[in-house]
Protein chains: 2
Amino acid sequence: MSRPAKFDRDLVLERAMQAFWDQGYCSTSVATLTQTTQLNPGSIYAAFESKQGLFLATLDHYGKRSVEEITQTVNSAETPLEGIRELFRQLATNVKKPKSERSCFLVNTVLDASRHNAMVRERVNHYFDLIESVFRNALASAQNNGELAIDKNPRTLATFIMTTIWGLRVLLVTGAGQDKVESVLDQLFILLD
Amino acid sequence: MSRPAKFDRDLVLERAMQAFWDQGYCSTSVATLTQTTQLNPGSIYAAFESKQGLFLATLDHYGKRSVEEITQTVNSAETPLEGIRELFRQLATNVKKPKSERSCFLVNTVLDASRHNAMVRERVNHYFDLIESVFRNALASAQNNGELAIDKNPRTLATFIMTTIWGLRVLLVTGAGQDKVESVLDQLFILLD
DNA sequence: ATAAAACTTGAACGATCACTCAAGATAAAC
DNA sequence: GTTTATCTTGAGTGATCGTTCAAGTTTTAT
């Protein structure tokens, strides 16, 4: 016996996420959020408790989708190792895309808001862990296939892959060209052979 | 025929830098800056024009010192390649240090303020370029010494080293332990052999 | 001494911040 | 149709934001 919320929660999260992603937590005012989400302050606070509550919800929105997309890309290739390579090739094509300077929402957040907020840090680390396990599993499969040498360590390589992704995100923000990005991919792929 | 400023500019820059580094540009208010620098608002604005002006000055303060320290570490080892390895070993010891979660001021800045401010971006990129050239020169020297295989490309490797540093900074912020950090170093060192 | 120039002080400015809440609107339950 | 519970609206809250500036202070040059 109550009135359901009129707005589409996923649409609101998507729009709020774009705002936070573009401008960062601190520079995104509630006034901006009311514009982009087309929700009044009251509705935002009724649904998400606070600006931080909305931010955490957008983090989940982004995190879940990232994990899905990465899993999809890595696991839908012909072989596990090829899946990982394909993921990096896709990442590299971001150079040309218009909003590549936004980097990754999780990476931006971990270097910004997470350092003084345990809740944010834990959530970001959670999604990083999930993503790393996708790589670790793929590498283990590759070893079983004989695609990856038996003396390589999937755990070590997965950590290194994560580090390379993080580094690549920064590289893209610096405005690096195609050549630099491909340099990085080449070096990483050497280690995966 | 004028009155000289009473405050120590370097000390003020150091204190302001610590504040910006700890909390980020946006979260560091001028009120905070007046406390940490022990300067009144008027003095700050007389000396640095604006909050952003002070920030840019702290960026230079940090950037110049970083370049000096990296150059020193890389060039004072017995061989160029050993210098690069030594730098990474030092970076790795940051895991234990209390403020390791602050990452690198330049990296934090490039993912935060730089994306919507060309002046900040150019300045950060400038220092990144200087640092990368330290590695490129060291690698070229290593090749002349016969320490680095002749088929390796110093330019490509220097870019990869920068990417690894950036990735390592993120890794440290996630709270990774010694083991993960050493994993990354091991993989990087393979590529330098 | 005096004048000139620059620095220091700190109260005050308008703008904007995150957030609240009373009033009105709306859907489900009966 | 009435009740009930919740959502929506948007003006308004006090706090804090970056910045300014007039008044007072201090140093140098003459």
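We name chains A, B, ... by the order of the sequence lines, and we start the count at 1 in each one. These numbers come from a predicted model, not from an experiment.
A residue-by-residue look at A:Glu49 and B:Ala46 shows that B:Ala46 has its nearest nucleotide of DNA chain C further toward the 5' end. When each of B:Cys26 and A:Gly42 is assigned the nucleotide of DNA chain D with its nearest heavy atom, A:Gly42 is the one assigned upstream, toward the 5' end. Each of A:Tyr25 and B:Gln38 has a nearest nucleotide on DNA chain C; the 5'-most of these lies closest to B:Gln38.
Whole-Å rounding puts the B:Leu33 CG to D:dT16 P distance at 16 Å. In this structure, A:Phe55 atom CZ and C:dA18 atom P are separated by 13 Å, rounded to whole Å. The nearest whole Å value for the distance from the CZ atom in A:Arg9 to the P atom in D:dC7 is 12 Å. For the pair B:Ile44 CD1 and C:dG10 P, the interatomic distance rounds to 13 Å; values are reported in whole Å. The interatomic distance linking A:Asn40 (CG) with D:dA11 (P) rounds to 9 Å, in whole Å. Note: CG (B:Asp8) to P (C:dT8) measures 12 Å, nearest angstrom. Atom CG in A:Leu39 sits roughly 16 Å away from atom P in C:dA18 (whole-Å rounding). Per the geometry, CZ belonging to B:Phe7 stands 8 Å off P belonging to C:dC7, to the nearest Å.
Note on A:Lys6: every side-chain N or O is 4.0 Å or more away from OP1 and OP2 of D:dC7. Note on B:Ser29: every side-chain N or O is 4.0 Å or more away from OP1 and OP2 of D:dT16.
Proximity of a side-chain donor or acceptor of B:Gln143 to a complementary backbone N or O of B:Ala149 within less than 3.5 Å is detected. Looking only at distances, no side-chain donor or acceptor of B:Asn94 sits under 3.5 Å from a matching main-chain atom of B:Lys97. Although no hydrogens or angles enter the test, the distance criterion places no donor-acceptor pair under 3.5 Å between the side chain of A:Thr156 and the main chain of A:Lys152. The backbone N or O of A:Phe105 sits less than 3.5 Å from a side-chain atom of A:Thr109, completing a donor-acceptor pair.
With 3.5 Å as the limit, one finds no donor-acceptor pair spanning the side chains of A:Gln72 and A:Glu68. Looking only at atom types and distance, the side chain of A:Gln23 has no donor-acceptor partner in the side chain of B:His116 under 3.5 Å away.
Applying the salt bridge (charged side-chain N to carboxylate O under 4.0 Å, His left out) definition to pairs two or more places apart or across chains, those involving residues 16-27 of chain A are A:Asp22-A:Lys99, A:Asp22-A:Arg102.
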Show each protein N/O and nucleotides 12-15 of chain D N/O combination with a separation under 3.5 Å, one pair to a line.
none

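Nearest to the side chain of A:Tyr45, among D:dT20, C:dT9, C:dA18, sits C:dA18. Distances from the side chain of B:Pro4 to the nucleotides D:dT27, D:dC17, C:dC7 place D:dT27 closest. For B:Arg3, whose side chain is taken as the heavy atoms from C-beta onward, the closest listed nucleotide among C:dC7, D:dT8, C:dT9 is C:dC7.
Within 4.0 Å of A:Thr32, counting heavy atoms only, lies no atom of the nucleic acid at all. Looking at heavy-atom distances under 4.0 Å, A:Thr34 makes no contact with the nucleic acid at all.
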Under 3.5 Å, which donor-acceptor pairs link side chains of residues 185-193 of chain B to any protein atom two or more places apart or in another chain?
none

